[in-house]
Amino acid sequence: MHLSAVVQNLKPSATIAAAAKAKELKNKGVKVHEFTLGEPDFITPEHIREAAKQAMDEGHTHYTPSGGTAELKQAVCDAFKRDTGLSYQPSQVIVSNGAKHSIHNVLAALCGPGDEVIIPAPYWVSYSALVEITGATPVIVDTTEESGFCLSAEQFEAAITDKTRLLMLNNPCNPTGAAYTVEGLEALARVAVKRNIPVMSDEIYDKLIYEGSEFRSFATFGDDVAALTIIVNGVSKAYAMTGWRIGWTLAPADVSKAMDNLQSQETSNPSSISQKAAVAALTGPQECVADMLEHFAKRREYVLSRLAEIPNISLATPGGAFYAFFNVSDYFGKPLGSGKTVDNASDFCTALLEDAHVALVTGDAFGAPGYVRLSFATDLDTLKAGFDGLQKFLNP
Ligand code: PMP
Ligand code: GLU
């Protein structure tokens, strides 16, 4: 059958593909140390699971309004007010099937052929692909390890043309863990206002911030900034709810209305049961978030200590999220532990999986050749075994 030009050029998500490759090996009976997918290993907290069971038993098993229930929209506004002090109206919230879907809605509402979207690299794999689906052009702006992988105001301004429709910002960032300083963010916000450029601020890792870093929502720098900001967030990471598929946007009312129209045609509404669970997550006890963060913080410490033992590897210390993104290019073109030689990060990951049964994601997928991503959203024993395997593989 003839495929559309859009899907002919579309690659599968590299994170999901890497996880599938690791699973294939596991299914053959091989013990694989898996660090591919960015998803918490914890089961969703009990009070959230109970809310979903209750929702089913009480008959919340029907369509809901396309952009989400009034109850969940209010819960999103209340949680945002609690976290940032900002007041949003439920009419400014659109609930979708995961934050990935929210990002698609933002791009489909704002961009089309001939438009440009600025994306700081390294970027999450789906950013560029989702821009391309709309027919717009991703304008990739490289950031450096020295800057902590943060886009500067000067870089942002230099990338703006009369075709620019949006900046896609991710703070804290997947894959680098970069957490912007308040000053750095404010400088970007001032450029956005000066040049009238909307900003999609993907804040899905806002609750996963480590000591020494601080989180500030992009919308908090004044009404003029908020009027240009579309916040993306969801329950996947903070509440260990990746499988429930609930994300949302907080945006100016006209953009929200456009995304609601789009979603009503595309998919009706996100799961009624998952929406009830998300209400429980946002309005219930928040200790579960802090408990999981404590585990992530211990794992991060462990990962950083193991990486520090490996010579000729560099990284910017992650201030947030649950990824370590490190440069392995010093190991290219030299015999590794198994005698193999690799020349790029993709071949490095393939050899690492084949020879040491350790699964990472190549930096090539994130617009950062020479780097690899390790998700530490997994237990310490797995991390230990994985690092033992990596060290042997590198034979430093
Ligand atoms: N944004 C970023 C930066 C992510 O890493 C992810 C991956 N989970 C998402 C959005 C999408 O999250 P969700 O699972 O809610 O679709
Ligand atoms: N966002 C996660 C990751 O980067 C989940 C997989 C995906 O949706 O890409 O691993």
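Below, each value reflects all heavy atoms present in this structure, side chains not excepted, and no hydrogens, waters or symmetry copies. Just so you know, ligand 1 is whichever comes first in the structure, and atom 1 is the first atom listed for that ligand.
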Got an N/O contact under 3.5 Å between G38 and ligand 2?
yes
Show the distances, to 0.1 Å, for all pairs joining an N/O atom of ligand 1 and a protein N/O atom that are shorter than 3.5 Å, listing one pair per line.
from     : atom 1 : to   : atom 2 : distance (Å)
ligand 1 : 1 (N)  : D202 : OD2    : 2.6
ligand 1 : 5 (O)  : N174 : ND2    : 2.6
ligand 1 : 5 (O)  : Y205 : OH     : 2.7
ligand 1 : 8 (N)  : K237 : NZ     : 2.3
ligand 1 : 14 (O) : S236 : OG     : 3.1
ligand 1 : 14 (O) : R245 : NH1    : 2.9
ligand 1 : 15 (O) : A99  : N      : 2.8
ligand 1 : 15 (O) : S236 : OG     : 2.7
ligand 1 : 16 (O) : A99  : N      : 3.1
ligand 1 : 16 (O) : K100 : N      : 2.9
ligand 1 : 16 (O) : R245 : NH2    : 2.7

Once you measure the plane-to-plane angle for F296 and F322, does it fall in the parallel (<30°), tilted (30-60°) or perpendicular (>60°) bin?
tilted
Which of the atoms of ligand 2 are close to S13, meaning less than 4.0 Å from one of its heavy atoms?
9 (O)
Could you see which bit of E39 sits under 4.0 Å from ligand 2, with heavy atoms only: side chain, backbone, both or neither?
neither
Running the 4.5 Å side-chain criterion over Ile, Leu, Val, Met, Phe, Trp and Tyr, what cluster does I273 land in, apart from itself?
M56
Given Y323, which partner from the list F35, Y205, F366 fulfils the ring-ring contact (aromatic ring centres under 6.0 Å, His included) test?
Y205
For W124, atoms of ligand 2 separated by under 4.0 Å from a heavy atom
1 (N), 3 (C), 4 (O), 7 (C), 8 (O), 9 (O)
Could you tell me if the ring centre of F387 sits under 6.0 Å from that of H33?
no
Which label fits F393 and F348: parallel for a plane angle under 30°, tilted from 30 to 60°, or perpendicular past 60°?
perpendicular
When rounded to the nearest 0.5 angstrom, what is the spacing between CG in N105 and NZ in K100?
14.0 Å
Could you establish whether S126 and ligand 2 come within less than 4.0 Å of each other, counting only heavy atoms on the residue side?
no
Under 4.0 Å from one or more heavy atoms of K237, ligand 2 contributes atoms 1 (N), 2 (C)
With heavy atoms under 4.0 Å as the rule, classify the contact between N174 and ligand 2 as side chain, backbone, both or neither.
side chain
Looking at E157 and R195, does any basic side-chain N land under 4.0 Å from a carboxylate oxygen?
yes
Could you give me the CA-CA distance, side-chain angles and deciding distance for W244 and S271, then say whether side-chain hydrogen bond (donor to acceptor under 3.5 Å, both in side chains) is met?
CA-CA 8 Å; W244 301 76; S271 151; over 6 Å; no
Could you tell me, atom by atom, which parts of ligand 2 come under 4.0 Å of a heavy atom of K100?
7 (C), 8 (O), 9 (O)
Which value, rounded to the nearest 0.5 Å, describes the distance between R299 atom CZ and L380 atom CG?
6.5 Å
Aromatic plane relationship, W124 with Y127 - under 30° parallel, 30 to 60° tilted, over 60° perpendicular
perpendicular
According to the interplanar angle, ranging from 0 to 90°, do the rings of Y210 and F376 count as parallel (below 30°), tilted (30 to 60°) or perpendicular (above 60°)?
tilted
For ligand 2 and Y205, I'd like to know whether there is a polar contact (N/O to N/O, distance under 3.5 Å).
no
Check this for me - ligand 2, R373, N or O atoms closer than 3.5 angstrom, yes or no?
yes
Part of T15 with heavy atoms under 4.0 Å of ligand 2, whether side chain, backbone, both or neither
side chain
